[in-house]
Each structure stands twice: as C-alpha cells, then as structure tokens.
Amino acid sequence: MKVLYFAWVRQRIGVGHEAVTPPPEVLTISALVDWLRTRGPGYAEAFADTRAIRCAVNQEYVEPDHPVASGDEVAFFPPVTGG
Amino acid sequence: MKVLYFAWVRQRIGVGHEAVTPPPEVLTISALVDWLRTRGPGYAEAFADTRAIRCAVNQEYVEPDHPVASGDEVAFFPPVTGG
Amino acid sequence: MSVRVQEEDIDIGAELAEMTVGNHAIGGLGVFVGLVRDIAGEAAVAGMTLEHYPGMTERQLEAIEAEACARWPLQASRIVHRVGRLEPGDNIVLVACASAHRQAALDATAFLIDWLKTKAPFWKLEETRAGAHWVDARESDDAAAARWSR
Amino acid sequence: MSVRVQEEDIDIGAELAEMTVGNHAIGGLGVFVGLVRDIAGEAAVAGMTLEHYPGMTERQLEAIEAEACARWPLQASRIVHRVGRLEPGDNIVLVACASAHRQAALDATAFLIDWLKTKAPFWKLEETRAGAHWVDARESDDAAAARWSR
C-alpha cells in the first residue's frame, strides 16, 4: 500500500510518501490511521486530531469508514487552501 | 436648445443633432416632444410611441415631466443595448 | 478606476495587468468580456455597428463605476467598451473589478455589466441576411439590473 | 475544456484568447484571477509556497470543470493553477468560462472558484516575519461552496 502525506501532515511525519504493509486486520481508513499512529511520535502528532485531516483513496475523497486494500494509494492531508 | 437623436430615432428624423428654438410655452420634455412632432413626418414617426423612447437632459436620464430650458442639451434614443 | 470608449480592439491581458501591477492588496480579480455572437435568434449575424452618445456614455460609465466602488471595497476597476463596426468573435466590452477577496470582485463585476447593459447609452445595429436592424432591449437585462436595486 | 497545473506565470491574455478564438457562439466570458496578497490577517506576507497532490489535483480540477459543464451550457472553460514559490502580486489561479450568454459565464466562473477552493488538493505555506505556517482552511470557503450544493 502506498501512503502519501501533504502539507503539515507530511512535515510532522517527515516523509512525503512511503510503502507500508499494515497487518491484515487493517481494513478501513480508521484502522489504518490507528495503525500508522503506532509507527512513531511524528505519526502520533500528525494524526492527533483526525477532524483536521482529509483522506483520499486512489485520488478520490473518502470518509474514515472507507475500505483500504493492499494495492491502494492512500493520501492524508489538511483541508485544502488553494485558489 | 441642442437636441440629439440616436439609433432609430436618429434614422427616422434624419439628423443626429440640431439646434431648435421651441416656443416659450414648451417647458417640459413632454411639451418638447409634442412640439417636435409637428416639425415633419419623420419626427411624428420617431415619436409615435414615446414608451419606446428614453430621454436625457444634459446627459442625465430624465422623465417626461422634467423641465427644459433654452441652454439645455436634450437627447432622445431607444432603450440601450450595449455590453 | 477607469472607463474608456474606443474603436480599437481591447488588449485584455494588458488592461488587467495595468489594473493589478504593484497593488499587492489585491487578492481577487473578476472579469467579464462580452463578444459578438454570429447568431441572434434564428438569424446569422454578419456584423454589427455600435453607436453611442459621446459625453453621456463616459458620464454613465463613471457613475456606474462609482456606484460599484460605493458598494464593494474595490482596489481597482475598469470598463472598456468598443464602438464602430464589429464582427463575430470581436470583443465588445471588458469590465473588471479587483478587491482583497474574491466575492467582492466577482459580485462587483456582475453588477457592472448588468448596470452597463441598462444604463450606458450604446445601441447595436445588427446586420443579418434580412438587412440591418436595431437590436431591441431585452427585458431579461432590466430584470438582471433590478436585482441590484436597493 | 482544459485544466493545468504549472510553475510558470499565467499568461492571462493568451489563455483567454485561446478559449474564444474561432468560436463565434461565445457571447460572454467570465474570468476570475486569484493573486498573492501582501497581508494575511495582521501579518505581512513575504511569499508563499503552493504544494499540491500531483495526479489527484488534475482529477479534481477535471471533475470540478465537468460539473460546471453539466450545470451550465458552456462553450469553453479553463482552470490554470500555479504551484511552487510565489510572491505578493503574483497570479495564483485563473478560472474562466465562456457561454452564449453572460449569466451562465459569470455563474459558472463563481462556481468553479468556490469549488476549487474546497475540493482541489492545494496547500499554501505562507511566509511572514513570524516564520512559515500552513494557511488554515476558511469556513467562509466551505460556506461559499455549499451555496452550490444540490
């Protein structure tokens, strides 16, 4: 699974993207976030307030209960501020 | 008094502007229109339906009861269609 | 704040650049450009001639612009309207408003073009195969302008 | 119909000319340009860096544009958004919609910029004397986008 981070989520975690292999019980975005939080203090800080984070799976916005699978591209980022 | 005509008002009357000296009892736009109508068939045709005509005195829109005086610049034209 | 009537084409890029250059308080620029269509109702349009009332036109455009500046916090505004003979695809008018924020810029731009269409003394003589005829004022334009009354 | 993300400045005149050239069904062109302001709240802004999500950005911009085309009878539309480091006065984004009539062009333009601001994955890192900080999303932008929900 490819995971991407943008803006302050990227800065707190320290990398822009990474390949991860979560355990098989990680079947949703919520579960993925819980698992990512265990990977280090940067992750815990980035995901401290998930209300401040948006998620996309395969480049489409999704809600926390959305399923994730091993081939997915998952992205976490703050609310957008372009334009 | 200088009178200007635009668009089809100008075409019906045959001139774009003229200097006129209406009789002293012509004190409003309505009275001026009634007097202009007597100047020829083109005028009568141009002012046949005054609802289709707008008027400006000294380059400001006015209503038919607006006063006119000898030094004024009076203009008659159809509703505008620019833009 | 600037209004202009001209026969030449409108250099849109240059007009907008002139409005915004050096003014770093501008966060949004709203623009409307009117162009000559090749069709009017059922008839094909070969061209049109725009007549105006020199002097009153500029006064009305300045009054319209002043009203926009009174209603919205504008950093810059511009109205450029062409006169003379135009062909399909030609620019007729440019209106533009710059403000700190986008909503003011967009609203003021819509206001300017709505008011211009009902207040500024321009008239279109349209050429179709059936001959030349003066374009009738549209009730929808009056309705659009009336939205802004207060 | 075209969307683009680029580091270079936006040549507004050229973009608009490209949209309208040869299409004589266009009667109105609505445009919005977003620019970098030199002030944010109380603080002076020295510059900003725009980050985005390559791939998803283009998908979202295309989806936003397709939604505008579904809602209004557009003859042409364009979204060009810059990324990288920008300074006060620089163009950030151009959105433009062309239609037979002005109301569709203006409404679609407002729709595009409102939706872009809440859906397109761009983030602004603003530089002030206090340091660099990520700009917070504004509730007013969500409210502006929500106006178009149906």
Side-chain angles (χ1 to χ4, degrees), chain B residues 1-20 28-30 32-33 36-37 41-83, chain C residues 3 5 32-37 40 48-64 79-84 86 91-95 109-126 131-142 144-145:
Chain B
M1 184 183 302
K2 186 179 179 187
V3 187
L4 298 91
Y5 311 108
F6 293 97
W8 54 256
V9 181
R10 171 178 58 71
Q11 287 186 320
R12 288 177 191 177
I13 288 172
V15 296
H17 57 91
E18 59 184 336
V20 299
T28 65
I29 292 295
S30 300
L32 177 63
V33 167
L36 285 169
R37 274 199 192 101
Y43 292 87
E45 192 198 349
F47 291 109
D49 180 6
T50 50
R51 287 171 309 178
I53 293 191
R54 300 291 174 268
C55 180
V57 170
N58 300 325
Q59 307 188 352
E60 299 285 349
Y61 286 104
V62 298
E63 296 297 319
D65 58 356
H66 192 85
V68 286
S70 59
D72 284 343
E73 174 177 307
V74 181
F76 296 100
F77 46 78
V80 305
T81 57
Chain C
V3 310
V5 177
F32 177 78
V33 181
L35 299 98
V36 181
R37 293 170 66 211
M48 63 167 60
T49 302
L50 267 146
E51 179 171 331
H52 79 125
Y53 180 175
M56 181 169 172
T57 309
E58 290 80 358
R59 280 173 79 130
Q60 283 296 315
L61 294 181
E62 280 165 13
I64 291 165
I79 307 175
V80 184
H81 203 297
R82 293 179 74 188
V83 291
L86 303 177
N91 297 318
I92 303 173
V93 62
L94 166 78
V95 308
T109 300
F111 170 84
L112 278 188
I113 187 65
D114 281 351
W115 270 45
L116 183 153
K117 280 194 167 261
T118 57
K119 307 274 183 185
F122 292 98
W123 301 275
K124 285 177 184 149
L125 181 67
E126 215 166 55
H133 64 275
W134 293 96
V135 173
D136 276 333
R138 291 167 55 196
E139 280 178 30
S140 61
D141 286 337
D142 288 333

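Worth saying up front: this structure is predicted, and the values here are computed from it rather than measured. Protein chains get the first letters and strands the later ones, always in sequence-line order, with residue 1 at the start of each.
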* Asked: Any chance NE2 of H17(B) has more than 12 other-residue heavy atoms, nucleotides or ligands included, within less than 6.0 Å?
  -> no

* Structure fact -> One should read off an interatomic distance between R10(B) CZ and W134(C) CH2, to the nearest 0.5 angstrom, of 5.0 Å

* To do: Can you tell which part of H133(C) gets under 4.5 Å to a heavy atom of chain B, answering side chain, backbone, both or neither?
  => neither

* Interface residues of residues 42-54 of chain B facing chain C - heavy atom cut-off under 4.5 Å -> none

* Asked: At their closest point, which heavy atom of Q59(B) faces which heavy atom of Q60(C), and how far apart are they?
  -> O-NE2, 4.1 Å

* Asked: When heavy-atom pairs shorter than 4.5 Å are enumerated against chain B, which of A63(C), P121(C), G34(C) gives the highest number?
  -> P121(C)

* **Atom group of D136(C) that falls short of 4.5 Å from chain B, counting heavy atoms** => backbone

* Structure fact -> All heavy atoms of V80(B) vs all of A120(C), minimum pair found to be CB-O, 3.2 Å

* **Side-chain touch F77(B)/M56(C), heavy atoms, less than 4.5 angstrom** => yes

* To do: Mind running side chain to side chain contact (heavy atoms under 4.5 Å, CB included) on W123(C) and T81(B) for me, showing each step along the way?
  => CA-CA 5 Å; W123(C) 301 275; T81(B) 57; 4.2 Å; yes

